[in-house]
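Structure first, then comments.
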2 protein chains.
Amino acid sequence: MGRTHNNISNLPKSKSHCLGPAGSAAQVKAGIAALAGRWKIEILFALMSHDGPCRYSMLERDIDGISQKMLAQQLRELERDGLIFRQIYPEIPPKVEYSLSESGSALREPLRALKILGQTLQQQDNDKAQEAEK
Amino acid sequence: MGRTHNNISNLPKSKSHCLGPAGSAAQVKAGIAALAGRWKIEILFALMSHDGPCRYSMLERDIDGISQKMLAQQLRELERDGLIFRQIYPEIPPKVEYSLSESGSALREPLRALKILGQTLQQQDNDKAQEAEK
DNA sequence: CAGAATCCATGCGGATACTG
DNA sequence: CAGTATCCGCATGGATTCTG
């Protein structure tokens, strides 16, 4: 499987001189960092597509190839960043439901924009691959 | 300094059944991956703020803490992904100018959205830090 | 000036096993 | 069911040196 790792969280010094282009970059990077986990996007898309609370096991089934460690970890990060909610039902057997917060839902549009970019990139890749084959 | 690595480029199998939420996720991830380098955002912001062609050495000065290797590498990736242009002037001494492509400029708005998210996150961090200090 | 090349530390993310 | 715990490979990015 492809690559691993990919950094984003930078904030060189970020002394909160928060108005220059540098400060803006830091905030954008903070925003991207919140989405930059190996599985964050897939989790968000799973939640968006189901459009209601999802149980842990359901996410595990929906997201192909994710390990329990990663699912739990990225879920906690998304929760920490306020993008999703986590509702625990103290039952036996245990039940936990995840849902999008408002911040999370607010990402639908930006994500669409990034999807456009992604499509363009894939298109370019295909073009170049075809050329190379000639 | 903080972390290293951070994956994004996933595409578990991505058999181009490109219409389900899974396919969308893959494309969004491709888009994010294009921005997910340690310095990509800062480079783009540097180009955006200067709003005209920038020379290599100017970027090196503007972006605090970046190494030559990283600058050159991420510039090539951005160029490969069609986000920036690279204009070489065969002079002595050498001169190379980088500028935003249309795809790159198209990111201004999405980046603003991500900046909003980043601001929210930083705000939350500050709030929690304050509470913790009490 | 604008890189290319090399070496190396860090830590993300995968796999597997275990638990309340 | 919904996680936690542990071990480990290896890509990523940093520092430094060399070059056309």
Side-chain angles (χ1 to χ4, degrees), chain A residues 1-12 29 32-43 46 53-80 84-99, chain B residues 1-13 29 32-43 53-80 84-99:
Chain A
M1 214 164 281
R3 45 236 4 263
T4 346
H5 318 336
N6 254 348
N7 198 317
I8 270 223
S9 359
N10 177 26
L11 330 196
K29 284 159 73 62
I32 292 203
L35 303 178
R38 171 77 172 65
W39 301 97
K40 300 271 180 74
I41 305 292
E42 319 229 31
I43 292 172
C54 284
R55 300 187 56 169
Y56 181 93
S57 54
M58 169 176 275
L59 292 172
E60 194 176 358
R61 256 179 291 111
D62 278 11
I63 304 172
D64 194 55
I66 194 170
S67 67
Q68 292 173 323
K69 171 190 172 182
M70 279 300 108
L71 179 53
Q73 175 184 299
Q74 311 253 314
L75 279 171
R76 262 183 277 117
E77 291 180 18
L78 287 171
E79 185 195 5
R80 215 174 47 96
I84 64 176
F85 292 133
R86 181 201 203 200
Q87 177 75 290
I88 310 176
Y89 299 88
E91 307 172 355
I92 302 274
K95 176 176 169 183
V96 181
E97 284 188 342
Y98 296 91
S99 54
Chain B
M1 218 163 283
R3 44 236 5 262
T4 349
H5 318 337
N6 252 350
N7 199 317
I8 271 222
S9 357
N10 177 26
L11 329 196
K13 281 168 183 175
K29 286 160 72 64
I32 292 203
L35 304 178
R38 171 76 172 67
W39 300 96
K40 300 270 181 73
I41 305 291
E42 318 228 33
I43 292 173
C54 284
R55 301 186 56 168
Y56 181 93
S57 53
M58 171 175 276
L59 292 172
E60 194 175 359
R61 255 178 292 111
D62 278 10
I63 304 172
D64 194 55
I66 195 171
S67 67
Q68 292 173 325
K69 171 190 173 182
M70 280 300 107
L71 180 53
Q73 176 183 299
Q74 310 254 314
L75 280 171
R76 262 182 279 120
E77 291 181 19
L78 288 171
E79 185 195 6
R80 215 173 46 99
I84 64 175
F85 291 134
R86 181 202 204 201
Q87 177 76 288
I88 311 176
Y89 299 88
E91 309 173 350
I92 303 273
K95 176 176 169 182
V96 180
E97 284 187 342
Y98 296 91
S99 53

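Note that these values count all heavy atoms, side chains included, but never hydrogens, waters or copies made by symmetry. Chain letters run A, B, ... following the sequence lines, proteins first, then strands; residues in each count from 1.
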Of the candidate nucleotides dA2(D), dG3(C), dG13(C), which contains the atom at the shortest distance from the side chain of Tyr56(A)? dA2(D)

Quick check for you: among dC1(D), dG3(C), dG3(D), whose closest atom lies nearest to any side-chain atom of Ala72(A)? dG3(D)

Of Pro94(A) and Met58(B), whose closest DNA chain C nucleotide lies nearer the 5' terminus? Met58(B)

Whether Arg76(B) contacts dG3(C) is assessed here as follows: a side-chain N or O lying under 4.0 Å from the phosphate OP1 or OP2. Is that the case? no

Hey, does the side chain of Ser57(A) come within less than 4.0 Å of dA2(D)'s phosphate (OP1/OP2), counting only N and O? yes

Between Leu78(A) and Tyr98(A), is a side-chain contact (heavy atoms from CB on, under 4.5 Å) present by the stated rule, with each step listed? CA-CA 10 Å; Leu78(A) 287 171; Tyr98(A) 296 91; over 6 Å; no

Taking atom types as they are modelled, is there a donor-acceptor pair under 3.5 Å from the base of dG3(D) to the side chain of Lys69(A)? no

When you check the phosphate oxygens OP1 and OP2 of dA2(C), does a side-chain N or O of Arg55(B) lie under 4.0 Å from one of them? yes

Grab the two heavy atoms, one from Lys29(A) and one from Arg38(B), that are nearest each other, plus how far apart they are. NZ-O, 3.0 Å

Nearest to the side chain of Arg38(A), heavy atoms from C-beta on, is which of dC1(D), dG13(C), dA4(C)? dG13(C)

Report which part of the nucleic acid Glu97(A) touches: base, sugar-phosphate, or nothing (heavy-atom distance under 4.0 Å, all strands). nothing

What are the two closest non-hydrogen atoms of Ile88(A) and Val96(A), and how far apart are they? CG2-CG2, 4.4 Å

Heavy atoms only: give me the nearest Ala34(B)-Lys40(B) pair and the separation to one decimal. O-NZ, 3.5 Å

Given the structure, check if the side chain of Gln68(A) and the base of dA17(C) hold any donor-acceptor pair shorter than 3.5 Å. yes

Listed nucleotide nearest any side-chain atom of Arg86(B), set dG3(C), dG3(D), dG13(C): dG3(C)

What contact category does Tyr89(A) fall into here, base, sugar-phosphate, or nothing, at under 4.0 angstrom with non-hydrogen atoms? nothing

